[in-house]
*Asks:* 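Pasting a structure here, questions to come.
Only a predicted model underlies this, so the values are computations on that prediction, with no experimental measurement involved.
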Amino acid sequence: MKKLSILYSILIFGFILGIYEGRIALWKDNDPEPYKVFPYYASMLPRKDRETLKKGIYLENEEQLRKLVEDYLS
């Protein structure tokens, strides 16, 4: 039951970092439209990072999000 509630929290209240129209984007709260689209094109990243972003990176909290965004955009 605990795993189910954790999964539910991620899906409802988590973040997803991915690609939207070629740019790095962020979705939150399971919204189908991006919350934020960054002015950085995914094509600027190494192939492995692009493949990971295409699948979507699920994040549980803002601290994880901040660290990952810094890694990709710096």
*Asks:* Do we get Lys28 above Phe15's six-membered ring, with its NZ or CZ under 6.0 Å from the centre and within 45° of the axis?
*Replies:*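 Output no; distance or angle outside limits.
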
*Asks:* Decide yes or no on salt bridge (Lys or Arg N to Asp or Glu O under 4.0 Å) for Glu70 and Arg66, but give the supporting numbers first.
*Replies:* CA-CA 6 Å; Glu70 285 178 4; Arg66 184 188 59 77; 2.8 Å; yes

*Asks:* For residues Val37 and Tyr20, report the shortest heavy-atom separation together with the two atoms involved.
*Replies:*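 Minimum heavy-atom separation between Val37 and Tyr20: CG2-CD2, 3.9 Å.
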
*Asks:* Counting N and O atoms only, with roles assigned by atom type, does the side chain of Trp27 sit under 3.5 Å from a partner on the main chain of Leu17, one being a donor and the other an acceptor?
*Replies:*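 Not confirmed, Trp27 side chain does not pair with Leu17 backbone.
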
*Asks:* Is there a side-chain contact between Leu68 and Ile57 (heavy atoms, below 4.5 Å)?
*Replies:*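 They are in side-chain contact.
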
*Asks:* Got a sec: does the CD of Glu62 have more than 12 other heavy atoms crowding it under 6.0 Å?
*Replies:*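 Counting other residues, nucleotides and ligands, CD of Glu62 stays at 12 neighbours or fewer.
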
*Asks:* If hydrophobic clusters are built from ILVMFWY residues whose side chains come within less than 4.5 Å, do Leu65 and Tyr35 share one?
*Replies:*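 Yes; Tyr35 is reachable from Leu65 via cluster members.
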
*Asks:* Tell me, with the steps shown, if Glu51 and Lys54 meet salt bridge (Lys or Arg N to Asp or Glu O under 4.0 Å).
*Replies:* CA-CA 5 Å; Glu51 290 173 1; Lys54 282 181 187 177; over 6 Å; no

*Asks:* Would you check if Leu26 and Val69 make a side-chain contact, meaning some heavy-atom pair closer than 4.5 Å?
*Replies:*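 They are not in side-chain contact.
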
*Asks:* As an exercise, state the distance from CZ of Arg23 to CG of Leu53, rounded to the nearest 0.5 Å.
*Replies:*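 Here the interatomic distance stands at 14.5 Å.
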
*Asks:* Do any N or O atoms from the side chain of Arg50 and from the backbone of Leu45 form a donor-acceptor pair under 3.5 angstrom?
*Replies:*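 Yes; judged by distance alone, with no hydrogens or angles, the pair exists.
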
*Asks:* So, for Ala42 and Ile19, which heavy atoms are closest and what is the spacing to 0.1 Å?
*Replies:*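 Scanning both residues, the minimum pair turns out to be CB-CD1, 3.5 Å.
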
